[in-house]
Each structure stands twice: as C-alpha cells, then as structure tokens.
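Encoded as structure tokens, the structure appears first; notes follow it.
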Amino acid sequence: MINKPKVFIKTFGCQMNVNDSEYIMGQLEKLGYSNTEDMSKADLILLNTCCVRAKVEQKIFSLIGKIKKIKESNPEVILGICGCMAQKEKENIFERAPHVDFIFNPSQVDNLEKIINNVLNCGNKNYIFCDNTNEFSLNHVPVKRGSKISAWIQIMRGCNNYCSYCVVPYTRGPEQSRGAAEILSEATDLAQNKYKEIFLLGQNVNSYGNDLSQPVTFSKLLELLNNIKGIERIRFTTSHPKDLSFDLIKTIKSSDKVCNHIHLPVQSGSNKILKMMNRKYDIDYYKNIIKEIRNNIDDIAITTDVMVGFPGETEEDFMDTLNVFKEIEFDEAYTFIYSNRENAVASLLPDQVPLQVKKERLWKLIDLQKGISAKINKKLEGKIFEILVGKKSKRNIENQFSGRTETNKTVVFTSKQDLLGELVKVKIVKSTAWTLYGELT
Ligand code: SAM
Ligand code: SF4
C-alpha cells in the first residue's frame, strides 16, 4: 500500500484565515494528502499567516526558523507560506528564510497542484503565487470544514477603508464581493448537510454587494439567507460603523434566524484619535448607532474591538475611551495594543506611545470591561435561553458540553445525552465575566 503524503497546516489570525485553511485542506485532500498534527511527520508544511500585529509576525518567523531544522534532516519536505504576511512580505520572506519553497495566497488554492508539482520537479525556486485579481468565487473548491454544526461563509474579501493603522487593504487587496447566488447555493448545500448555523465573513460586511454588477445590499442578502430551510442561525462579522444602515437594524429585528448580536468595532473613544485612525465617524455618530440598535432590537448583545496606545493618544484620549466603555457597556470587547505596521500610514506618525504606557492602559481597560461583562452576565442568572450546542468539554470533563446563546454568549452545562448540534433550552444558574453556566430545562 502506498502511504498518502501528509500535510501539516498551522493557521494564525482571524476566522477568515481559518476558513481559508479549510479550503486549502479540502483541495489538498483532493490531491491525495492527509492531515497530520505532527509537523515532523509532514511531507508538506503550510503556514497560513497573519500580520495585523507585529508580535504574531515575529512568532511566525521564529516557527519558520524551526522548520529549517526539519528540512535539513529531510530535504524532501516542502514548506509553503500563505496568508496576509506572505502577501505583505513576499520576496523578503525568501531573503530571511531561503528554505521557504513557495508563497501563495488563498485565492490561488486552485493552483496548489501546479505549485507543489513545480517544487517537486524543479526544486526550491522561491515561487510566488500571489495574484489576487481573479473573480472571487469559491463554490468549485472542495472544503474540509472543522465543524459539522457551524460553517463560515466568506461573502467578500479585501477592504477599501484604509484605517491608518491597518495592513489588511495592502495584503488582501480591494473589496470584492462574492455573487449572492453563489453564497445562497453554498448555504443551501450546508443546510442539506445538516449544518445549523452559518457565519458570514468579510472585513466590512456592510458594504457587501457595492461592487457587484447587479448590486445586492447586505440586508437583502440576509433576508435571502433567512429563507433557507434547515439553517437555524445566521451570524456575521465585521460591521464597520460608518456603513451600518438602518435597513440592517430592521433586518436583524425582522429575520428570525439572524442572531441578536452585533460586533461593531469602536477602536477609540476619542474623536481626535478616530480622525487620525481614518475611521470616518466620530464618537457621537457611533453612540447614536448603538442607541438606534438598542431602541429597535430587544436584548441585543453588542461587542467591539478597541485599541490602546495609537500614536498621539494622551491620557485624556484614553480617558475618553474608558468613558465610552462605561457609557455604552459592551457585552464583550477585544482589546489590542496598537502595533506599528509598515505600509500603514500611522507608523509614520510622531508621538508613539511607550510600550509600558500601552500595557498599563490595556490592563485598565480589560479590568473595566471585565466588571461590565460580569455585571451584564449576572443579570442573566435565572433566565432561560436557547443554545446551539457546539462543543464537548475542552478538558474532557465527562458529560460537559458548551453552546452559544443567540447573543453569542458561551454556556457550559452537563448532559448524559450527546446533544452536539442540537438547539436546547438551558436555565442560567451561575455566571462569570466570560462564561455562563446552565442547567438543561
Ligand atoms: N475589518 C474589521 C474592522 O474594521 O473592524 C477588523 C479587522 S482587523 C484584522 C481586527 C482588529 O484588529 C481591528 O478591529 C483592530 O482593533 C485590530 N488591529 C488592526 N490593526 C492593528 C494594529 N496595527 N495594531 C493593533 N491592533 C490592530
Ligand atoms: Fe483594517 Fe479598517 Fe479595513 Fe477593518 S475596516 S480591515 S480595520 S482597514
């Protein structure tokens, strides 16, 4: 029996990258590869990279360094790098790490066979396959999904917003929407395969469809997806505040499957910093959207992204952020320390904030948010929620499962019956800032 070649894939970064890796794995399985979790046993090593923050990039380069040893002891092993860092660094990667065989971006997944054959037949020639211009279409690519319950669907790629701190527009290119018919057909397929939840992905889903020859708004897309039988829950991320329409608020309210949760990155509470970030809204505009959302949709959860230590951020600007957090009371926040990224224009700004100050601000903000999340969750004790059971206990605790409420809160509970993939009702009996504990009703 001939052994199947093995591939090891390590994914860094956002859900979009995780989903890209699912397509890469699907394509590789078609080419006869099987997956291995042990890098030293792999014939092909792929790193699907991120470069939003410098720290991740350093981690990736250090891993590339370690892989050199594997390649030295087995020169047959092929190493490929894809994702945002590959897009940004291109030939610089070969300069720093000549043992890398090829660089590609996920939209080149169709060409993987050709790319790998080139390396196998001609040796390491430092190939770069990073063209991003082909039409954004995925339905013809096989996909190996990590979950049988919830599936990501990319509805657009790229970004046109050029926030001054962000590299994504340079790595992922301009916005390209995927045709609505293709998205609907993928969702229908998922429903037929018993998936209960779809999670729509894009850097700025609110501008979905603007570039299509037959424009479709994001709200319209949600309405169409809401009609698909079998799909019980629809989620999406990320919404840019400047493009969030009242139409979208109405659609979330009226569509029974679109979940009561919106992730709306605020980034800063200071108008001066928002302007320097090129976010194209001020804080009153942001607060008004939150008011509209809460006035129209009962019990909606609102989460956010925020950054501390943007160049020029004074103590007063940081206080503005703390005050906005106290006023809005987000359900949860993803907090980041600003990281200088070359290409992004903010890296050229004066008054960079010292790392120690950034760290202190981060901890203050995390502390504040922890109290707010705990207070919000405490109020949920005694209430009953429908949750979609998505996971068995991570720590292998017997009969322990976790699921998510419509508002995207994690609920841990026990059950003797395997309820994976089921929608069940639980009563919340205990809560912390990050987790709810429930009992089946
Ligand atoms: N497109 C989404 C949006 O605009 O909200 C987010 C995409 S970005 C990859 C995810 C988050 O990373 C951002 O919301 C921001 O808070 C953070 N981020 C982006 N660039 C950063 C940087 N240079 N330093 C620190 N955090 C950054
Ligand atoms: Fe980056 Fe801004 Fe685009 Fe989000 S909207 S991906 S933060 S440039």
Side-chain angles (χ1 to χ4, degrees), residues 11-20 48-58 83-85 87-88 132 152 154-177 199-208 210-211 218 236-244 262-270 273-281 286 289 302-313 318 321 324-325 330 332-349 352-353 355 357-359 361-362 365-366 369:
T11 309
F12 298 82
C14 61
Q15 296 108 318
M16 190 85 87
N17 271 13
V18 179
N19 186 227
D20 281 338
N48 189 359
T49 62
C50 167
C51 62
V52 169
R53 283 167 290 278
K55 222 169 171 181
V56 191
E57 214 172 77
Q58 287 151 11
C84 288
M85 191 187 94
Q87 285 281 107
K88 177 166 87 63
N132 228 354
W152 285 302
Q154 296 186 39
I155 62 165
M156 58 197 301
R157 68 179 180 199
C159 182
N160 292 346
N161 288 314
Y162 292 92
C163 300
S164 66
Y165 50 79
C166 185
V167 287
V168 170
Y170 305 96
T171 60
R172 294 258 173 187
E175 273 171 19
Q176 274 178 293
S177 303
F199 205 132
L200 311 180
L201 296 177
Q203 294 300 346
N204 177 13
V205 291
N206 296 328
S207 63
Y208 169 79
N210 291 346
D211 57 316
F218 181 52
F236 57 87
T237 198
T238 301
S239 281
H240 195 303
K242 78 176 167 64
D243 296 314
L244 193 140
I262 192 147
H263 184 67
L264 198 63
V266 62
Q267 309 298 2
S268 170
S270 151
I273 298 295
L274 286 173
K275 193 150 198 256
M276 286 162 76
M277 285 177 164
N278 193 28
R279 288 292 287 178
K280 303 187 183 87
Y281 54 83
Y286 185 90
I289 302 174
I302 300 177
T303 54
T304 199
D305 288 353
V306 65
M307 211 183 292
V308 295
F310 186 82
E313 184 189 70
F318 176 59
T321 300
V324 165
F325 267 58
F330 294 106
E332 216 178 308
Y334 297 88
T335 48
F336 302 102
I337 282 186
Y338 165 77
S339 169
N340 246 344
R341 309 293 30 231
E342 61 183 284
N343 282 340
V345 296
S347 65
L348 304 172
L349 291 173
Q352 297 280 327
V353 178
L355 183 60
V357 177
K358 288 185 195 173
K359 283 186 179 169
R361 288 182 186 167
L362 182 77
L365 192 56
I366 289 177
Q369 182 55 43

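Counting starts at 1 for both ligands and their atoms, in listed order.
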Validation row: Val308, Thr321 side chains within 4.5 angstrom (heavy atoms): no

Shortest protein contact, atom 4 (O) of ligand 1 (heavy atom only): Arg279 NH1, 3.4 Å

4.0 Å heavy-atom contact, Asn204 with ligand 1: no

Note, Met277 side chain near Tyr165 side chain (heavy atom, < 4.5 Å): yes

Ionic contact status for Lys358 with Glu313, cut-off 4.0 Å: no

Atom 1 (Fe) of ligand 2 reached by Cys163 (N, O or S, under 2.8 Å): no

Heavy-atom side-chain contact between Ser207 and Met156 under 4.5 Å: yes

Option of least heavy-atom distance to atom 25 (C) of ligand 1 (set: Ile337, Val205, Asn17): Ile337

Residue and atom name of the nearest protein heavy atom (relative to atom 7 (S) of ligand 2), distance in Å to one decimal: Tyr165 OH, 3.4 Å

Heavy-atom nearest neighbour in the protein, as seen from atom 3 (Fe) of ligand 2, with distance rounded to 0.1 Å: Cys159 SG, 2.3 Å

Any donor-acceptor pair under 3.5 Å from Gln369 side chain to Phe330 backbone: yes

Minimum-distance protein heavy atom relative to atom 16 (O) of ligand 1: Gln267 OE1, 2.8 Å

Residue pair Leu201 / Thr237, side-chain heavy-atom distance below 4.5 Å: yes

Heavy-atom proximity to atom 12 (O) of ligand 1, best of Gln203, Met16, Arg53, Arg172: Arg53

Shortest protein heavy-atom distance from atom 24 (N) of ligand 1, along with the residue and atom involved: Ser339 N, 2.9 Å

For Tyr162, the ligand 2 atoms whose distance to one of its heavy atoms is below 4.0 Å: 8 (S)

His240 near atom 3 (Fe) of ligand 2 via N/O/S, less than 2.8 Å: no

Min heavy-atom dist Arg279 to ligand 2 below 4.0 Å: yes

Verify atom 20 (N) of ligand 1: protein non-hydrogen atom under 4.0 angstrom away: yes

Atoms in ligand 2 with a heavy atom of Val168 nearer than 4.0 Å: 6 (S)

Asp20 and Asn48 side chains, donor-acceptor separation under 3.5 Å: no

Within-4.5 Å side-chain heavy-atom neighbours: Val345 and Tyr162: no

Min N/O separation His240 to ligand 1 under 3.5 Å: no

Close side-chain approach of Cys51 to Gln87, heavy-atom, < 4.5 Å: no

Nearest-0.5 Å distance, CE of residue Met85 to SG of residue Cys50: 10.0 Å

Heavy-atom nearest neighbour in the protein, as seen from atom 11 (C) of ligand 1, with distance rounded to 0.1 Å: Asp305 OD2, 3.4 Å

Numbered atoms and elements of ligand 2 in range of Asn161, under 4.0 angstrom, heavy atoms: 5 (S)

Tyr338-ligand 1 polar pair, N/O distance under 3.5 Å: no

Test of proximity, Thr238 against ligand 1: N or O pairs below 3.5 Å: no

Atom 9 (C) of ligand 1 [closest protein heavy-atom partner, distance rounded to 0.1 Å]: Val52 CG2, 3.6 Å

Point-to-point distance, once rounded to the nearest 0.5 Å, from OG1 of Thr304 to NE2 of His263: 6.0 Å

Protein residue, atom and distance nearest to atom 6 (S) of ligand 2, heavy-atom basis: Gln203 OE1, 3.5 Å

Residue from Asn206, Asn161, Asn210, Asn204 passing side-chain hydrogen bond (donor to acceptor under 3.5 Å, both in side chains) with Asp243: Asn204

Rounded distance [0.5 Å steps], CG in Asn343 versus SG in Cys166: 11.0 Å

Aromatic plane relationship, Phe310 with Tyr338 - under 30° parallel, 30 to 60° tilted, over 60° perpendicular: perpendicular

Per-residue contact class, Tyr165 against ligand 1 - non-hydrogen pairs under 4.0 Å: both

Check: Arg341 N/O within less than 3.5 Å of ligand 1 N/O: no

Where Gln154 and Met16 come nearest, the two heavy atoms and their spacing: OE1-SD, 3.5 Å

Atom 1 (Fe) of ligand 2 [closest protein heavy-atom partner, distance rounded to 0.1 Å]: Cys166 SG, 2.3 Å

Nearest-neighbour protein heavy atom for atom 5 (O) of ligand 1, which is reported as residue plus atom name and distance: Pro265 CG, 2.9 Å

Pro169: numbered ligand 2 atoms lying under 4.0 Å from its heavy atoms: 8 (S)

